[in-house]
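Presented below is the structure to which this report refers.
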Protein chains: 2
Amino acid sequence: MTDITALEPFRRLSETSHRLLAGGTVTHRFDAGRTIIEKGQDVSGAYFVLEGRLRVFSLLPGGKEATLYFIEPGETCVLALNSLFNDLLYPAWVQTDSDTRVAVIPGRVYRALFATEPDIQDLTVQTLSTLVFRLMAELDQVHGQTLEQRLAGLLLVRASGRGVVRLTQQEMASHIGTTREVVARLIGRLSARGLIQSGRGAVTLHDRHALSVLAGGQDG
Amino acid sequence: MTDITALEPFRRLSETSHRLLAGGTVTHRFDAGRTIIEKGQDVSGAYFVLEGRLRVFSLLPGGKEATLYFIEPGETCVLALNSLFNDLLYPAWVQTDSDTRVAVIPGRVYRALFATEPDIQDLTVQTLSTLVFRLMAELDQVHGQTLEQRLAGLLLVRASGRGVVRLTQQEMASHIGTTREVVARLIGRLSARGLIQSGRGAVTLHDRHALSVLAGGQDG
DNA sequence: ATCCATGTGTAGCTTTGGCTACAGATTCCG
DNA sequence: CGGAATCTGTAGCCAAAGCTACACATGGAT
């Protein structure tokens, strides 16, 4: 995936729109771990991830982080869209999770496309809707689940096929919005119960079923 | 405000769209305190509040509630829109807060309007965006604020001009997602510090400034 | 006048989670 | 090989918040 025009929603654009898009879009590449948008920043365009992954998170008092969601290749950063349409300031932080290429469509170009292209209208609504659901789910979790449950969920979601989760305790803590020590404690408990096995920079799952029951049974 | 066609976004519709809207829309009236949408329900249309107020909340383990936001006259329930466009199940509960009249536009009608009417497209995006920001703000709060801060915020937001908040402790608890006892304890503390005065079914604010500092200074 | 429903005020106990402070382990690099 | 950086494992303490259990107050209804 090398060009924004290769992305599904941009395939069926009219000739004019296509030229507008091609002329206005800028592609950036960022190294892993770079902060590319900060809270309160004035966002200038719609961001589409071409390669790599972006992590959107909010910053809690005391410097803790909590991951809200990821933006994968082919997806767009809705918060940016959002800021775009409302002239609001961006309400969170965005970092690259790995080396990432991003296409930025300037605000006025995107708005023009939105006005005339049904596919862009659908894409926009679709993307916003998806975000709303992700946020609702996240909110439910934060509200109602213990950290142990949230950790179990995280491990299940981030496990490779063979049940290995390549995250440090500090990273896990960031994702679920707590501190390293608490994660260590939780991992110690899960490990004592035989559900997982801890190692440097990674955790191995031994009983996914029990974990998913623990997490609240969203997953098989 | 008696008819949906009186609402701003529906004013400039084409003749065809107007007929479609008028023909397809159904108006309901609900008494205060009725649950009109439950979580997991399949939502059939776009809800617009004509009179009264709807409260959208999520249900936490143990039967606690947490208010996400309100829908005022002229506004629409975005979650419903959302479910509509994604064929997803509604992710929260909706109750009437007072006696309320609601116009329901069936899904297929709304989708048809969205496809052809710029005003509806804008309205949809605008509404979704607003919701995203409300949810982000709520998430930040839940994540990072103590219940005392959240209570202070609630009191400030819900106070009448003369500084009276007409809510029972149970209702306050529902709004901020905790239990009655905890609210009583918090009120006791605030009251001991002279910031408020408690009474049956109401609280009187004595020092808004101190409260807003406490809440984190979002408000004057 | 009494009773009942609703609302408020307290107290004590427990769990969860945050903070501090280390000690050991592993990896990387020079 | 040795040291620095990074990561993990524990322990203890404390505050926040949830749960249980009452006692008391208020207001409306009969």
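As the structure is a computational prediction, the values presented were derived from the model and not from experiment. All values below were derived from every heavy atom in this structure, side-chain atoms included, with hydrogens, water molecules and symmetry-related copies excluded.
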Requested in this report: Could you check how far NE2 of A:His143 sits from P of C:dG17, rounded to whole Å?
Outcome: 15 Å
Query raised in the report: Does A:Gln126 have any side chain to side chain contact (heavy atoms under 4.5 Å, CB included) partners at least two apart in sequence or in another chain, and if so, which?
Result: B:Asn86
Query raised in the report: What integer distance in Å separates B:Arg150:CZ from D:dA17:P?
Result: 10 Å
Report task. Take atom CD of B:Glu171 and atom C1' of C:dG7, then tell me their distance rounded to the nearest Å. Result -> 11 Å
Report summary line: Under a 4.0 Å heavy-atom cutoff, the residues of residues 184-203 of chain A touching DNA chain D are A:Ala184, A:Arg185, A:Ser198, A:Gly199, A:Arg200, A:Gly201
Report task. Provide, to the nearest angstrom, the distance between the CD atom belonging to B:Glu181 and the C1' atom belonging to D:dC19. Result -> 7 Å
**Report entry** Residues which pass salt bridge (Lys or Arg N to Asp or Glu O under 4.0 Å) with B:Arg134, listed by chain and number, not counting sequence neighbours
**Finding:** B:Glu75
Query raised in the report: For the pair made of CZ in A:Arg166 and P in D:dT6, what is the distance, rounded to whole Å?
Result: 19 Å
Requested in this report: State whether A:Thr146 places a side-chain N or O below 4.0 Å from either non-bridging phosphate oxygen (OP1 or OP2) of C:dT15.
Outcome: no
Query raised in the report: Can you name the residues that form a side chain to side chain donor-acceptor pair (under 3.5 Å) with B:Thr146, not counting sequence neighbours?
Result: none
Query - hbond_proxy A:Arg180 side chain to D:dG9 base (donor-acceptor, 3.5 Å cutoff) - result: yes
Query raised in the report: Side chain of B:Thr76, backbone of B:Tyr47: donor and acceptor closer than 3.5 Å?
Result: yes
Query - A:Arg193: partners by side chain to side chain donor-acceptor pair (under 3.5 Å), with sequence neighbours left out - result: A:Glu148
Query raised in the report: Taking the inter-plane angle between the rings of B:Phe48 and B:Phe10 on a 0 to 90° scale, is it parallel (under 30°), tilted (30 to 60°) or perpendicular (over 60°)?
Result: perpendicular
Report summary line: note: A:Gln169, atom CD; D:dA5, atom P; distance rounded to Å ~ 21 Å
Report task. Nearest whole angstrom, please: distance from the C1' of D:dA16 to the CG of B:Leu151. Result -> 15 Å
Report summary line: Result for 5'-nearest mapping on DNA chain D, choosing between B:Leu147 and A:Thr168, is A:Thr168
Query raised in the report: A:Thr27: what forms a side chain to side chain donor-acceptor pair (under 3.5 Å) with it, not counting sequence neighbours?
Result: none
Query raised in the report: Could you state the CD1-P distance from B:Ile176 to D:dG18, rounded to the nearest angstrom?
Result: 9 Å
